[in-house]
Structures are given as C-alpha cells and as structure tokens.
Protein chains: 4
Amino acid sequence: MAGRRYDPDRRERLIDAAIRVVGRKGIAGLTHRSVAAEADVPLGSTTYHFATLDELLVAALRRLNEGFAAAVGAGIAPAGPDDGGEAPDLAEELARQLGRWLAGDPSGDRTGVELEYELYLAALRRPALRPVAAEWCEAVTALLARRTDPRTARALVALMDGLSLQVLLTGAPYDPGYVADVLRRVLTGAGPPVPPEGG
Amino acid sequence: MAGRRYDPDRRERLIDAAIRVVGRKGIAGLTHRSVAAEADVPLGSTTYHFATLDELLVAALRRLNEGFAAAVGAGIAPAGPDDGGEAPDLAEELARQLGRWLAGDPSGDRTGVELEYELYLAALRRPALRPVAAEWCEAVTALLARRTDPRTARALVALMDGLSLQVLLTGAPYDPGYVADVLRRVLTGAGPPVPPEGG
Amino acid sequence: MAGRRYDPDRRERLIDAAIRVVGRKGIAGLTHRSVAAEADVPLGSTTYHFATLDELLVAALRRLNEGFAAAVGAGIAPAGPDDGGEAPDLAEELARQLGRWLAGDPSGDRTGVELEYELYLAALRRPALRPVAAEWCEAVTALLARRTDPRTARALVALMDGLSLQVLLTGAPYDPGYVADVLRRVLTGAGPPVPPEGG
Amino acid sequence: MAGRRYDPDRRERLIDAAIRVVGRKGIAGLTHRSVAAEADVPLGSTTYHFATLDELLVAALRRLNEGFAAAVGAGIAPAGPDDGGEAPDLAEELARQLGRWLAGDPSGDRTGVELEYELYLAALRRPALRPVAAEWCEAVTALLARRTDPRTARALVALMDGLSLQVLLTGAPYDPGYVADVLRRVLTGAGPPVPPEGG
DNA sequence: AATGAATGAGCATTCATTCAT
DNA sequence: TATGAATGAATGCTCATTCAT
C-alpha cells in the first residue's frame with residue numbers, strides 16, 4: 001500500500017474492486033474508502049481515477065454488461081439458416097438459462113444476477129447510469145432478436161426481467177416450466193428473426 | 001417543533017413524511033434526521049417510534065401498497081358475470097393504465113411509480129422488505145386474476161414490471177400500442193378468471 | 001475530552017475558541033476541527049452547535065461587536081449638556097484611541113483590531129456576515145453621533161477605517177497628529193450632536 | 001490541454017486566470033487546480049510557474065494595480081497650470097468616479113472593486129501582499145496629490161476606502177452627494193498640489 | 001413516554017505537493 | 001523544461017445512536 005508508484009491498470013483493478021464491494025455490501029456500501037481498501041490502494045487514488053462515485057458505478061456497470069452480454073450470447077445460439085419465423089425451443093432455452101442464473105453461486109457472496117440487477121436498477125435514481133442501462137437493454141434485445149423479431153425480443157427481455165425480480169424480491173421459487181410457458185406465449189405470432197449482418 | 005406533547009398519530013405522520021422524503025431524495029436520502037425535519041418532529045421522536053430505518057421503510061412500503069392496490073382495483077373492473085374465459089380488452093385497459101402511471105405527476109417530485117418501484121426494488125438488498133414486496137406482488141396478481149387465471153395474472157404483472165422498468169431505467173418512450181400487443185400475447189390461451197369469493 | 005456530558009454554555013465556549021483560532025490563524029484557519037481542539041470538545045460537538053462555519057463566524061463577529069462597542073463607548077464620552085455644535089477635542093480623542101488600538105497587544109497573537117477587521121472585512125465575500133457588519137457599523141456610528149451629527153459620524157467611521165487599514169495593510173507607521181488633523185477637517189461644519197434619548 | 005509544449009506567455013495567462021478565479025470564487029477558491037482549469041493548462045504547470053499560491057496572488061494583485069492606476073489616472077485630470085491651492089471640483093469628480101466603480105459590472109461576476117478590495121485586504125493576513133498593497137496605496141495617493149497636497153491625498157484615499165467598504169460590506173446604498181460633501185471637508189484647508197515633475 | 005444534547009465514526013471530495021518520466 | 005500520476009492529509013458535513021433528563 002506504500003511506495004507502489006507506477007501501477008498501470010490500477011484503474012481496471014479499481015473497477016474490479018468496486019464490483020466485488022457492491023457484490024458484498026450493495027451499492028450503499030460502495031464508498032471511496034471501501035473500494036480503496038478492497039483494491040489495496042491509497043484513498044486518494046480512487047478519487048484520482050474516478051472523480052465521483054457515479055463515474056465508478058458507470059464503469060462497473062459497463063464492465064458487467066460486457067461480461068453478461070458474452071454469457072447470453074454464448075447461451076443463445078443464433079437462428080440457423082433455414083429456421084422458420086420462430087425458433088422452436090427458444091422459450092425453453094431461455095427458461096433454462098434463467099434458472100441457471102438465478103440459482104447462482106451457492107457460495108458466500110451474492111449471486112451474479114442479484115449484483116447485476118442492483119446496478120441495473122440503480123439507474124432508477126441515478127441518471128448517470130441511465131445510458132449504460134439502456135445499452136445493456138439494447139444489447140440483450142439485439143442478441144435475442146437473432147432468434148425472433150425485435151419487438152418480441154424486447155418483450156422477452158421485459159418478461160424475463162419481471163419474472164426474475166419476482167423471484168429475487170419475494171423469494172418465490174423459480175419454476176422453469178411456468179417460465180417457459182409464458183415466454184412461449186410472447187413468442188406466439190412473432191415475426192422472422194433479424195437476419196445476421198451481411199445476410 | 002417544541003412542546004408538542006400529546007400527539008397520538010405522530011407515528012402515521014412519520015410514515016407519510018418518510019414517503020415524501022423517499023419521493024424527493026430517494027431511499028439513500030431517508031435518514032432519521034430527514035424524516036424528523038419533514039414531519040416537523042424532534043429527532044429523538046423518530047428513533048423512538050422506529051428504532052431502525054428498515055422498520056420505517058417497511059411501514060412506508062406497506063402503506064404505499066394499500067394505496068396502490070386500491071388504485072389498481074379501481075382501474076381494473078372485475079369480470080362481468082357472463083364474461084367468457086378471457087376479458088376482451090384487458091390488455092388495452094392495462095396498457096392505458098400503465099401509460100397513465102408512467103406519465104406521472106408532471107409537477108416537481110418524482111412520479112408515483114418511480115417512488116413505488118424504488119421501495120419495491122429495495123427488497124433486493126433488504127430482506128426486511130421482502131415479505132412486503134411479496135404481499136404487493138400477490139395483491140396485484142390477485143386483482144388481475146379476477147379477469148384471467150392466476151398463472152397468467154402473475155405473468156402479466158411480471159411483463160408490466162419489466163416494461164415499466166425499461167421505460168424508467170432507459171428513458172425510452174412509452175408505446176401503449178406495443179404494450180397492449182405483448183400483453184395480449186400473454187393473455188392468449190389464458191384460463192378462466194378466478195371466480196369472486198362466494199361465487 | 002471524554003465523558004463530559006452535560007456542559008451548558010459549551011456553545012459560548014465554542015465562540016470564544018473560534019475567536020482565538022481566528023486571532024491565531026486567520027479565518028482560513030477556522031475549521032470545525034481547529035475549533036474543537038481549541039475548545040477541547042469533540043468534533044461532532046462543533047457541528048451540533050453550529051451547523052455551518054458561517055454560523056460560527058456570525059456568532060463570533062457578533063460577540064466581538066459587543067465587546068468593541070463597549071470599548072468605544074467607554075472611550076468616547078457623550079457630549080456634555082452645554083456643548084456647542086461640535087465637541088472640542090473629539091478628533092484628538094479618536095486619534096489617541098485609534099493609536100492605542102493599532103499599537104495593540106505586543107504579545108504573540110494578532111492584535112485585537114486586526115482580528116476584528118478580518119472578521120468585519122470577511123463580509124465582503126460572505127453575505128451571511130453582512131447584517132452583522134452593518135450592525136457594527138451602525139453601532140459605532142451611533143456612538144460617535146452622540147458627539148456630532150450622524151452624517152459626520154458615519155464619515156468619521158469611514159475615515160478611521162481607511163486610515164487603520166492603511167496602517168495594517170501597508171505597515172506604515174501610525175501618526176496620531178496627522179490623524180487628528182484629518183479627522184478635524186471632517187468635523188468642520190458638522191451639525192449638532194444627536195441629543196440623548198429622553199433629552 | 002495536452003501537448004501544448006511551446007507556450008511562452010503561459011505565465012501571463014495563469015495570472016489572468018487567477019484573477020478570474022478570484023473574481024468568481026474568492027481568494028479561498030484560488031487553488032492550483034482551479035487556476036489550471038481556468039487557464040486550460042495542466043495542473044503541474046501551475047506549480048511549475050508559481051511554486052506557492054502566495055506568489056500567484058502577488059502577481060495578480062500587482063497586475064490589478066497597474067490597470068487600476070491607469071483607470072484612476074484617466075479619471076482624475078492633473079491640476080491646470082493656474083489652479084489655486086485647491087482643485088474646485090475634485091470632491092465631486094471623485095464621488096462620481098467612486099459611484100461608477102461601485103455600481104460595477106451588472107453582469108454575472110463580482111464587480112471590479114469587490115475583486116480589487118478582496119485582494120488588497122488580503123494583505124491583512126498575508127505579509128507577502130503587504131508591499132504590493134503599499135505600492136497600490138502610494139500610487140493612488142500620488143495621483144491624487146497632483147490635485148492637492150500629499151497629506152490630504154492620503155486622507156482622501158482613506159476616506160474613499162472607508163466609504164466604499166461601508167457600501168460593500170453592509171449593502172448600504174451609495175449616496176454621491178454625501179460622499180462629495182465629506183470629501184470636500186477633507187479638502188478644506190488643503191495645501192497646494194504637488195507640482196508635476198520637472199515643474 | 002419523549003426528547004435535547006451529545007459524540008464517534010464515516011463520507012465525498014479537495015488539495016498541495018511530490019516524483020518519475 | 002514540463003507534466004501526468006499519485007498520495008497523505010485535511011475539510012465540511014451527515015449520521016445512527018446513546019444517554020440524561
């Protein structure tokens with residue numbers, strides 16, 4: 001913690017530390033001090049790299065988004081070349097995927113979804129986060145739109161958000177069959193998927 | 001602020017004040033002090049009536065629920081005696097209602113929905129709020145179940161939550177036609193409404 | 001510094017401490033911490049009694065005013081019953097008095113005038129101090145008006161302020177003969193003193 | 001803000017920036033950072049050119065003096081060759097001039113006088129500024145001495161300072177008739193003006 | 001039952017300064 | 001010669017909580 005001059009990517013380490021802190025203590029527990037301690041960095045260093053906590057929050061949410069989009073992208077295969085207007089098993093794939101996320105890390109800290117939702121929902125009161133939240137929303141919608149039309153994709157995202165929150169907020173058990181069922185209803189009458197670029 | 005000894009419904013006034021404070025400054029701005037000032041009550045009085053802020057938060061969310069359930073109940077008429085398995089215009093009614101809530105109070109403070117969602121979503125990190133959030137969710141679901149079946153009702157609530165959050169978090173405009181459309185899809189194939197008690 | 005609950009007139013002690021701190025380190029050195037240390041009182045106590053530093057500054061300047069007005073009043077005897085339109089030796093009395101103030105306390109800390117002027121002049125940038133500065137100005141003017149007319153009194157105050165500042169700001173030596181001379185010029189053609197109340 | 005290597009009059013630009021900063025935020029708001037930002041110059045550059053803030057303050061006050069002396073000189077014409085011992089309208093000229101300064105710039109920032117007085121009065125606590133304050137005082141006195149004798153000039157300066165401060169500190173309205181009156185009294189019995197050099 | 005006073009911990013932020021480049 | 005990065009100290013202020021009344 002002393003004399004450690006010259007430390008490139010300290011900025012990145014601070015973002016990582018911020019994510020861990022939020023995971024452990026929530027956004028309310030994210031302070032310059034807690035981040036500094038978590039990153040093992042002098043206090044002044046946090047304000048040097050991120051003048052305000054909002055800046056740090058934005059960076060954290062953005063990094064989370066990248067990781068999340070990658071995860072979703074890996075889980076949701078794009079539509080095959082000869083798919084009809086609607087992917088046959090998308091509803092079930094999504095329901096299964098959602099179940100995996102919500103089950104989460106059984107170990108100590110909060111699960112990934114909870115952390116992610118906390119940051120995402122923080123945009124409600126923090127305008128600075130709004131653009132990042134919008135990016136996240138659009139990114140996931142775009143991924144799903146590879147298997148259905150954009151309007152349907154957006155509705156799927158909303159429904160999955162709503163169902164996840166019901167589980168997270170009320171402690172209700174997750175029922176994959178039920179979720180697949182209602183997702184399927186939204187997929188009913190969906191248009192053709194967005195063709196991949198260059199197609 | 002002084003000498004106001006006998007004051008039987010001070011407790012209620014504190015809850016009202018707490019709601020106003022959260023509306024104006026967010027949950028992060030809810031402190032014993034801010035509530036005391038808002039309610040024009042000595043500081044010690046707040047800790048006396050609500051030992052912790054969580055207690056106050058629970059009371060506030062519960063009060064909000066009551067008002068909200070009443071509003072929803074008034075907006076969503078129960079199914080008539082000879083309705084078929086599904087109310088013909090429920091989707092549009094809900095979309096319109098949602099639009100009204102999201103448009104909100106154009107005056108100073110935050111709109112009602114934003115306030116309500118902030119408290120509701122706070123349950124993510126505050127276990128004490130979880131039971132109240134569950135109550136809220138069940139109450140609204142039950143109201144909608146008077147026009148469709150419970151599983152569908154729960155999905156409608158989730159979808160409306162998700163769509164509302166998209167609007168609130170990303171600043172996207174609200175499109176009632178789109179919302180009615182996707183709500184209608186969820187209503188597709190819904191079962192019969194829950195018969196009124198005693199029916 | 002510990003366990004000293006119940007300490008009435010702690011508020012007064014804080015004001016005294018603030019005056020000593022400003023005397024020693026200037027307004028720039030007046031911080032909640034420095035006052036707390038000087039008064040041997042916990043830090044939180046300073047913000048409890050004076051929510052902002054401006055409040056403390058106002059209280060300090062006001063207290064200083066009282067003492068100063070008393071000192072001036074003692075030094076400047078009111079006009080005798082049969083005085084003509086102008087007190088014969090007022091100019092010299094004032095010049096002598098001014099010399100005594102500017103000579104000040106040869107010991108360590110800043111002299112009283114310097115301290116007083118620093119707080120008084122701070123009103124230039126701190127609107128909160130303005131009313132107190134105005135009070136001070138009027139009080140001294142009223143005292144002098146007992147020996148001459150109010151317009152002349154106000155000018156005497158201005159001239160004495162200006163001459164004092166020349167000494168304090170530029171380090172020029174104080175020349176009582178010169179000061180008496182120019183004060184006398186202002187007194188030339190002055191009207192009758194303000195009659196004492198009830199006279 | 002980057003790569004601006006060759007920049008010969010950066011020093012001057014920093015002084016200008018410092019004056020603007022003091023005008024906007026007061027001496028207390030003058031920091032290396034605020035100057036750097038105002039001058040659009042890297043932070044390190046300010047400490048490089050002015051090791052301490054006092055140095056910068058001295059430079060700023062000195063520059064202000066030059067401009068002010070020029071303004072006064074332009075406003076106060078020297079005595080004509082056949083003037084009697086006393087300039088007939090000097091009192092009124094000065095009163096009018098003072099009124100113009102105190103009215104100041106009606107636009108956003110602080111008026112020029114306020115800024116100038118703040119820096120001038122700062123000498124009270126900052127010995128480094130004392131010589132510059134003395135220069136200012138002497139310069140203005142010398143200018144006025146071209147229309148009256150030096151002792152009287154010095155008193156005029158003191159009286160004008162005192163009257164200006166009354167207006168600035170207490171918010172009292174400026175009354176040019178009154179000011180001319182009392183200035184005239186000081187001019188009463190003044191000696192002959194200082195003859196121009198070489199006269 | 002109720003409350004004014006008190007206090008220790010903590011927070012976001014700002015800053016002068018140092019130093020390696 | 002300049003400067004971006006870094007840092008330790010400090011500041012004003014807020015707060016939950018305690019306690020004596």
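Residue numbers begin at 1 in each chain, while the letters A, B, ... track the order of the sequences.
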Atom pairs and distances, side-chain donor-acceptor, residues 51-61 of chain D, under 3.5 Å, sequence neighbours left out:
from, atom 1, to, atom 2, distance (Å)
D/Thr52, OG1, D/Asp54, N, 3.3
D/Thr52, OG1, D/Glu55, N, 3.2
D/Asp54, OD1, D/Arg126, NH1, 3.3

For each nucleotide in nucleotides 11-16 of chain F, reading 5' to 3', give B when a protein heavy atom comes within less than 4.0 Å of its base, S when such contact involves only the sugar-phosphate, and - otherwise. BBBBBB
Would you please confirm or rule out a distance under 4.0 Å between OP1 or OP2 of E/dA6 and any side-chain N or O of C/Ser45? no
Would you kindly give the CZ-to-P distance between C/Arg10 and E/dA5, to the nearest whole Å? 12 Å
If only atom types and distance count, is the side chain of A/Arg62 paired as donor or acceptor with the main-chain N or O of A/Val132 below 3.5 Å? no
Those residues at least two apart in sequence (or on a different chain) that pass side-chain contact (heavy atoms from CB on, under 4.5 Å) with D/Ala134 are C/Thr170, D/Glu138
Secondary-structure string, 5' to 3', Watson-Crick or G-U under 3.5 Å, | for another-strand partners, for DNA chain F: .||||||||||||||||||||
Please report the distance, rounded to the nearest Å, between CD in D/Glu55 and C1' in E/dA16. 14 Å
Please state whether the phosphate of F/dT1, meaning OP1 or OP2, lies under 4.0 angstrom from any side-chain nitrogen or oxygen of D/His49. no
For A/Thr47, give me all partners under side-chain contact (heavy atoms from CB on, under 4.5 Å), at least two apart in sequence or on another chain. A/His32
If you define the side chain from C-beta out and look only at heavy atoms, does anything of C/Glu118 sit under 4.5 Å from C/Val22? yes
Check ring pair (Phe, Tyr, Trp, His ring centres under 6.0 Å) between A/Phe50 and all other residues, then give those that pass, not counting sequence neighbours. none
Nearest whole angstrom, please: distance from the C1' of E/dA6 to the CG of C/Asp9. 15 Å
Nucleotide nearest A/Tyr48 (side chain, heavy atoms from C-beta), chosen from F/dG4, E/dG4, E/dA2: F/dG4
If you define the side chain from C-beta out and look only at heavy atoms, does anything of D/Leu169 sit under 4.5 Å from C/Arg130? no
Just the rounded figure in Å: distance from P of E/dA12 to CG of A/Leu56. 10 Å
Any donor-acceptor pair under 3.5 Å from B/Ser34 side chain to B/Gly29 backbone: yes
